[in-house]
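Treat the numbers as computed from the prediction; the structure is a model and nothing was measured. Numbers restart at 1 for each chain; the letters A, B, ... are given by sequence-line order, proteins then strands.
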Number of protein chains: 2
Amino acid sequence: MTTSELAEPRTPRRREVIPEATVARLPLYLRALHTLADEGTQTVSSEALAEASGVNSAKLRKDLSQLGSYGTRGVGYDVTHLISQISRELGLSRRCSVVLVGVGNLGRALAGYGGFASRGLAIDALLDADRAMTGEQIAGMTVRHIDDLAQVVVPGSIGVIATPASAAQEVCDLLVGAGVTSILNFAPTVLNVPADVDLRKVDLSIELQILSFHEHRKSLA
Amino acid sequence: MTTSELAEPRTPRRREVIPEATVARLPLYLRALHTLADEGTQTVSSEALAEASGVNSAKLRKDLSQLGSYGTRGVGYDVTHLISQISRELGLSRRCSVVLVGVGNLGRALAGYGGFASRGLAIDALLDADRAMTGEQIAGMTVRHIDDLAQVVVPGSIGVIATPASAAQEVCDLLVGAGVTSILNFAPTVLNVPADVDLRKVDLSIELQILSFHEHRKSLA
DNA sequence: ACGCGCTTGTGAACGCGCGCACAAAGTCAG
DNA sequence: CTGACTTTGTGCGCGCGTTCACAAGCGCGT
Ligand SMILES: NC(=O)c1ccc[n+]([C@@H]2O[C@H](COP(=O)([O-])OP(=O)(O)OC[C@H]3O[C@@H](n4cnc5c(N)ncnc54)[C@H](O)[C@@H]3O)[C@@H](O)[C@H]2O)c1
Ligand SMILES: NC(=O)c1ccc[n+]([C@@H]2O[C@H](COP(=O)([O-])OP(=O)(O)OC[C@H]3O[C@@H](n4cnc5c(N)ncnc54)[C@H](O)[C@@H]3O)[C@@H](O)[C@H]2O)c1
């Protein structure tokens, strides 16, 4: 409750800081919105969009209010407008460079995956330490040697690690050294990064173990 | 504070219900413990194990106390004992059957992945709707047609969906129909399941978008 | 035998996120 | 123009999870 709270009641309250939980759901909404847009839907209520996204409708409204989005009471949200707002917030307007390190079984699957290409995110470069692989064409890209890392990284690049766990920290350090500040790690290891680097991990072994736990629990109920 | 609280002060307080957040970290501890065991370490302090797992040490201790695990004050935890305790809690003692549906780019990578085999979890069956693939040998397993689903599912099986999004709900329904109550979904769709079915999802498109968001934020700081 | 130092286990405070429930605000029909 | 209906935006209480900080406990050296 500072001094000037009645001064600007009409200003869209774009939150300076968006809660992490909200950020994690925006892509979900975005996907649902694209589906709706493809079906020709113009307008959607929070109830319907929440249903399509698999979340609570109050949560959805609160999330959208965070980004200053204005729906229309009695009507709902404009699908196209919402798409562009969320896209802008996620930084998907300007295409984002993604660099993949480790072109093995998993790396090849990722390289050929078109799922994010449609949303402004696409893998731009493939790197591997194996010289036998250098020059190979995969999904329209040429595999380059890891030594060329500095040449493919641009400011704002996202790094993806799909190497064996034993090489992950080393690759991570190389990425950080090249200026990458956002890393997605598929290797089952704890990685150490400077505080200014964002690190996320995907570990399906962990996912399976969590499911195993619940399955185990059910069996002894 | 019920009546008999002083009666059994020595009973290991095995929690009847373990918090979800704790369950999600147990596999992390398990991995770190296996590494320690391989190095011949006998005993580990909460501080050291927390460091190796990338978590706070107080959190680690609270997590372990949940499963009634007893460390020794002044010494730490017995590595071997802790491994068997966590493994038992996660249900990894008795090998757990995993059924993979959708043998495409991603499915093949998963099929050949040995990362969970070492921890009591391994894929037992590969299923696909494409008849041209039926009978093919992948990673020592024969691809079977999706119609054979009921024959490969056993009570306690975990289902993994790696089909295109358009087929995911249909496959999901088939799995549920066959008695599967734990599903891991890689397709970018919201799946509807009965309340008694555990559903987890892995969506790297979402992971990338979250990273994109933070990268975007940094750029306009 | 006994105290010293190390480490566990946990009480308590805090902050975040969730979801209910409702008032405010807008639409649309007549 | 008015009133009824629809849907948003959010205040509020609650429960979960995280972390600090410390007392209790255990081993070891003397
Ligand atoms: N395959 C899967 O389904 C799967 C699933 C989950 C996690 N993972 C994890 O993903 C990672 C990759 O798995 P994979 O099956 O593709 O392994 P892989 O062995 O098939 O491929 C690893 C690739 O990394 C390259 N590499 C090794 N060291 C490197 C370095 N220092 N710099 C650059 N490249 C290097 C290798 O040349 C190889 O091409 C592993 O950590 C694995 O645990 C894989
Ligand atoms: N490839 C990746 O790196 C990647 C990454 C993230 C997510 N995904 C998701 O994982 C899923 C699979 O991706 P992919 O690249 O392996 O696709 P893909 O097209 O290569 O493989 C899909 C497989 O599913 C099979 N299939 C289709 N309908 C089926 C049905 N009804 N029953 C059983 N099998 C059926 C197809 O025959 C095919 O073999 C997709 O939903 C994709 O969005 C893929």
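The listed nucleotides are dA21(C), dG17(C), dG17(D); the one nearest the side chain of E20(A) is dG17(C). For R61(B), the side-chain atoms get nearest to dG9(C) when compared with the rest of dG17(D), dG9(C), dT8(D). Here the nucleotide nearest the side chain of S46(B), chosen from dT8(C), dA21(C), dT19(D), is dT8(C). Between dG9(D), dG17(D), dC20(C), one nucleotide has an atom nearer to the side chain of A58(A) than all others, and that is dC20(C).
Rounded to whole Å, atom P of dT8(C) lies 13 Å from atom OH of Y29(B). The interatomic distance linking I18(A) (CD1) with dC16(C) (P) rounds to 15 Å, in whole Å. One can place CG of L67(A) at 13 Å from C1' of dG9(D), the figure rounded to the nearest angstrom. For K59(A) and dG9(D), the NZ to C1' distance is 17 Å, given to the nearest whole Å. Protein atom CG of L60(B) is 10 Å distant from nucleotide atom P of dG9(C), rounded to whole Å. Note: OH (Y70(A)) to C1' (dT7(D)) measures 15 Å, nearest angstrom. The separation between E47(B) atom CD and dT8(C) atom C1' is 12 Å, rounded to whole Å. Here the P atom of nucleotide dT7(C) and the CG atom of L64(B) are 16 Å apart, to the nearest Å.
The phosphate of dT7(D) has neither OP1 nor OP2 within less than 4.0 Å of any side-chain N or O from S45(A). Taking only side-chain nitrogens and oxygens, N56(A) never comes nearer than 4.0 Å to OP1 or OP2 of dG17(C). Distances shown here put a side-chain N or O of R25(A) below 4.0 Å from the OP1 or OP2 atom of dC18(C). Considering only side-chain N and O atoms, T72(B) lies nowhere under 4.0 angstrom from the phosphate OP1 or OP2 of dC26(D). OP1 or OP2 of dG9(C) sits under 4.0 Å from a side-chain N or O of Y77(B).
Taking only distance into account, the side chain of K62(B) meets the base of dT19(D) through a donor-acceptor pair shorter than 3.5 Å. Applying the 3.5 Å distance criterion, the base of dT8(D) shares a donor-acceptor pair with the side chain of R73(A).
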Worked check of side chain to side chain contact (heavy atoms under 4.5 Å, CB included) between N185(B) and V202(B): CA-CA 6 Å; N185(B) 178 34; V202(B) 172; over 6 Å; no
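When the shell of 6.0 Å around NZ of K201(A) is examined, it contains 12 or fewer heavy atoms from other residues, nucleotides or ligands.
Inter-residue side-chain proximity for L49(B) and V79(B) is flagged as unmet; no heavy-atom pair is nearer than 4.5 Å.
A donor atom on one side chain and an acceptor atom on the other are found under 3.5 Å apart for Y29(B) and D63(B). Checked by atom type, the side-chain pair Q209(B)/S205(B) shows a donor-acceptor distance below 3.5 Å.
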